[in-house]
Amino acid sequence: MPHNIEQNNENHRPITSQLGQKNPDYLKGLNAEQSDAVLSTKGPLLVLAGAGTGKTRVLTTRIAHILASNLARSSEILSVTFTNKAALEMRERIGQLVGSSVEGMTWLGTFHSISAKILRRHAELVGLKSDFTILDTDDQIRLIKQLLKAENIDEKRWPARQFANIMDGWKNRGLLPNDVRSTHAGMSHTSMFANGLGDKLYADYQARLTSLNAADFGDLLLLCIRLFRENPDVLAIYHKRFKYMLVDEYQDSNVAQYLWLRLLAQGRPASEANICVVGDDDQSIYGWRGAEVDNILRFEKDFPGAKIIKLERNYRSTGNILEAASKVISNNEGRFSKVLHTDGGEKGEKLKLTSLWDSEEEARHVSEQIEQLQRQGEVLNSMAILVRTSAQMREFEESFIKLGINYRVIGGAKFYERREIRDALAYFRLTHQQDFDLALERIINVPKRGLGNATIEVLHLAARGQNIPLMQAIRQLIETEELGAKQRNTLSSLIGQFDDWSARAANTELFELAEAILDESGYSAMWQNAKTADAPGRLENLKELVNFMQEFKTLGEFLEHISLVLERSSNDSADAVSIMTLHGAKGLEFNNVFLPGWEEGLFPSQRSLDENGNKGLEEERRLAYVGITRAKKRIFFSLAQNRRIHGRYQTALPSRFLDELPPEIVEVSDSGSSFGGYGYGGASGNVASKFDEKDPFDKAYESPAWKQRRAQNADHKTIEGEFFESSVDIGTGFRIGQRVIHLKFGEGVITNVEGKKLSIDFNRVGRKKVLESFVKKG
DNA sequence: CTGCCTCTATTTTTT
DNA sequence: ATAGAGGCAG
C-alpha cells in the first residue's frame, strides 16, 4: 500500500538544534534510552516501553522538547491517547514541564474526541451536520431493536446486543457496509447475522444514523477515515497542521485507528513521517475488543527506517517481582524481546502464594494480610486487589465491610452509564433538540405516564409513515382521536413542557434549567418516591450532574462535551484499598498487590481459551504480566481450591501461570488447609490451537451453538412485516366520500379532509379524526 | 398498562 | 446465585 503521498510545502522547519540546548532542565534524570526517545525528533520512532520504564515521562518530555526547540507550536502537535483519563493526565504532566503552553495543545485527546472535533468541522462532507449527536450504547441498542423489528427478525434468536457487538467489530476493523458485503461473499460468517441480513442491517443502521444526524463511537473514526479518503484537500489541511504525531499505548490500537493514523501520517514519505508511537506489546490485553498487537509489531514495515528504542530499565518493582514477570511473559511467542531490569541490586521480598479452601477463605486471608501490612506501616492506599472478573469483587467487599477495612471499587458502572444520568441527559437532549427520537423513546414513559408500548407503536407508525420525528408526529396525533383521550392529554402536556423548557433555555442559568426539567418532569420525584435502596444514591448522582453543569453556559455546549467526556467524579482521597480488575489496573502501580483467583478456568479464563485458543492464552498471560508488574514491593498470589461458579461449587486447579513463576522466589503457604503444593502438570501441551490463525470475529460464529442456530434458521425467511402505511401513497389526496380502511377502526367513509387529518365515519366506531397515514384506500 | 413471574446468561471495557 | 429482560395475566 502506498504510504507516500506527495510532499506538501513544509520543507523547511526550523531545526533548533539539540546542540544548542545540550542539557535542558527537562532532560535531567532521564536515562540514555529515555533521552534518546525524547531527542529523536526526526522520522518515525517506535518506543517499546516495558512496564514501569517511564513511558509517560518520555512522552511528555518529548512534547516539552519539541515545544522548547521550536520544532512545532503546541497547536501543531497531535497526541493521541485511548482514554480521557490518560489524556487528562498527559495534559497535566506536560503543563508541569512547559507551563501555560499546554493550553495551546488543542490536539491532545482521545482518538474519538479528536475525530469528533475534526468531523464537526467538515460534517457536511460525510452527510452530517456539525451539531451531530454522538450515540451511546443504549441508543444504539434501541435503534437496532427497531431495525430488527422492521425486518421481522426474531430478537430472541438474534439479540440486538449481539448485533451491536458484531457491528462494533466491523467498525473496529474499518469495514463499511459494502466491505462487509464483499467479505460476505468470501465465506465470512460475520455477516450471517439473521441469516445473512447482517450487512443489510448494517447499511440500514447507518442510514438511520445519518437521518438522525447522529454517529456512534465507531463512526467517529470511520467517518473521519472516509472524510480523509474522499477529500484529499481536507486531509492536506491536517497534514500541514500536524507537524508531529504521538500515540500512547499503541498496542491497544485497532485497525480503524491504524488506518486513521496512517492517513494522517501520509503527509510525508513514510520514512520521514514524524510519528512516534509508544507501547508495550506485552501489555496488549484488549485483543477481544479489536486491538491489533500486529500494529505495533509491524510498525517498522509501515514506516521503513523507523528508529526503535527499547526502554527496559524498570523504576518500579523489586528484582524478584521483575524476575517473576519476565519469566511468565517469556512463555509467549511473537513478541519483541525486551528484558526488564533494575539498577539496584535489591531483590526485595519473596512473592507469596497461598492456597485456600474456598473464595470466602481467600477473602478472609487477604483481609488478614492487609491488616498485617497496616501493622507494618503500609497505608491502605498502597494496596490493591486485582481480580480477573468483577464477580470476584463482591466477596472481598463483604469481608472488608465485616472487618471495617476501607475500600474503593475502581471501574464498574461509569457515571455516565448509570440509568438516572442517561435519563436526565435524554431530557436535556430533547429540550435542546426535539427531533432526537431515541431520547424521547427513552424517557417518554419515565417516570410512568401511562404511555406504554401500544401508544409508542402508534407514534412510530405515524412518524415512519411520513418520515418525520416523533415529536412532530405527536403534535399531529394529539389533534386527532387516534389515541385515547388520556394518552392525548398526557402527550399534549409533555410536549408543552418541552416547548416551555426550550423557551426558557435562552434566559435561564443552565443548572437551574436542568433542575427545573428534572423537577417538573417528575423525574426527581420518581426517585424520591422509590423505595429501593439505590434511590438515594441515584438522587445524589443527579445532583452531581446538575452541579457539573454549572461549568457550562448553554445546553448545546454541555451536550457536545458530555457524550465524549463525562468522567466519573469523586476522587475521594480517603485511605482505602483499591479493588479492580486486572484490565482496570493497567497503568497503575501499588506497593502491595494482591492477585487472587489464580485458578485454571478463572485465570486463565476458560472462555478465552475456548474461543481463542493459544492466542487467547497468550493474552491471558499478558494480563498476568500486567498484574505482576503493577507491584512495587510485594505480591500476594492466592487461589481457592473450591469456587462457586454460577451457583455451583467447583473444584479448581492452580493456574498454569503459577507454574511459570520462578519457584525459588515464591514462598508457598497452605494456610493450614490440606494443600499439597501447587503444580499444574502439562499445562502447555493442553491448549487448543486450531483457531489460532482465524479471525476472532469469525470464531464466535463457529461455536456449536451458533451453527445450530444457523441451521434452525436456514429456511425461515419471513417476508411479512412491511409497514401497512408504507404501501399507502403518501401525499396522494384523500377525498371526501372516499371509502377507506383503518388499521384499528376498520372500514369507513371520509367526511372531511384537513391537511393530513381526516374525519371518517367508521362503520363500527362512528366518526373519528385520524391521521391519513393510518388509512388505506378501500 | 403495569406488576409479577419465569427464563437466561454469566470475562475483560473505552469511546 | 443473581440480575436483567421479556412474557403474560390482571
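Proteins come first, then strands; the chains are lettered A, B, ... in the order of their sequence lines, and each starts at number 1.
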Subject >> A:Ser605 side chain near B:dT12 phosphate (N/O to OP1/OP2, under 4.0 Å) >> reply: no
Original post:
Considering only B:dT10, B:dC1, B:dT15, which nucleotide approaches the side chain of A:Thr455 most closely?
Top reply: B:dC1
Original post:
Does the ring center of A:Trp288 lie less than 6.0 Å from the ring center of A:His583?
Top reply: yes
Subject >> Contact under 4.0 Å: A:Asn84 side-chain N or O vs B:dT15 OP1/OP2 >> reply: yes
Original post:
Once you round it to whole Å, what is the distance between P of B:dT15 and CG of A:Leu88?
Top reply: 11 Å
Original post:
Does A:Thr581 make a side-chain N or O approach to OP1 or OP2 of B:dT13 shorter than 4.0 Å?
Top reply: yes
Original post:
Can A:Trp288 be said to stack with the base of B:dT12, given centres closer than 5.5 angstrom and planes under 30 degrees apart?
Top reply: yes
**OP:** Tell me whether A:His112 is stacked on the nucleobase of B:dT14, counting only the six-membered base ring and applying the 5.5 Å and 30° thresholds.
**Re:** no
**OP:** May I ask you to say whether A:Arg120 pairs ionically with A:Asp131, meaning some side-chain N is under 4.0 Å from a carboxylate O?
**Re:** no
Original post:
With a 4.5 Å limit on heavy-atom distance, are the side chains of A:Lys117 and A:Trp107 in contact?
Top reply: yes
Subject >> C:dG6 phosphate, OP1 or OP2, under 4.0 Å from A:Lys145 side-chain N/O >> reply: yes
Original post:
With A:Ser284, which residues qualify under side-chain hydrogen bond (donor to acceptor under 3.5 Å, both in side chains), at least two apart?
Top reply: none
Subject >> Contacts of type side-chain hydrogen bond (donor to acceptor under 3.5 Å, both in side chains), residue A:Thr629, not counting sequence neighbours >> reply: none
Subject >> Closest-nucleotide 5' rank along DNA chain B - winner of A:Gln487 and A:Ser390 >> reply: A:Gln487
Original post:
Over how many whole Å does the gap from A:Trp158 atom CH2 to C:dA5 atom C1' extend?
Top reply: 20 Å
**OP:** Return the value, rounded to whole Å, for the distance between atom CZ of A:Arg622 and atom P of B:dT12.
**Re:** 18 Å
Original post:
In whole angstrom, what separates A:Leu148's CG from C:dG6's C1'?
Top reply: 15 Å
**OP:** Give a yes or no on whether the backbone of A:Asp282 and the side-chain of A:Arg621 come within a donor-acceptor separation of less than 3.5 Å.
**Re:** no
Original post:
Between atom CE in A:Met526 and atom P in B:dT2, what is the gap in whole Å?
Top reply: 12 Å
Original post:
Nearest-Å distance, CG (A:Asn165) to C1' (B:dA9)?
Top reply: 14 Å
Subject >> Candidates B:dT15, C:dG6, C:dT2 - which lies nearest the side chain of A:Lys156 >> reply: C:dG6
Original post:
Rounded to the nearest Å, what distance is computed from the CD atom of residue A:Gln251 to the C1' atom of nucleotide B:dT14?
Top reply: 14 Å
Original post:
Are any side-chain N or O atoms of A:Thr110 and backbone N or O atoms of A:Thr83, one a donor and one an acceptor, separated by less than 3.5 Å?
Top reply: no
**OP:** Send over the distance from A:Gln162 CD to C:dA5 P, rounded to a whole Å.
**Re:** 16 Å
**OP:** For A:Ala325 and A:Tyr625, work out which heavy atoms get closest and say how close.
**Re:** O-CD1, 3.5 Å
**OP:** Look at the side chain of A:Arg388 against the base of B:dT12 and say whether a donor-acceptor pair falls under 3.5 Å; ignore hydrogens and angles.
**Re:** yes
Original post:
Can a side chain N or O of A:Ser608 be found less than 4.0 Å away from OP1 or OP2 on B:dT12?
Top reply: no
Subject >> Contact residues, residues 443-451 of chain A to DNA chain B [heavy atom, < 4.0 Å] >> reply: A:Asn445, A:Lys448, A:Gly450, A:Leu451
Original post:
So what does A:Ala454 touch, heavy atoms closer than 4.0 Å: a base, only the sugar-phosphate, or nothing?
Top reply: sugar-phosphate
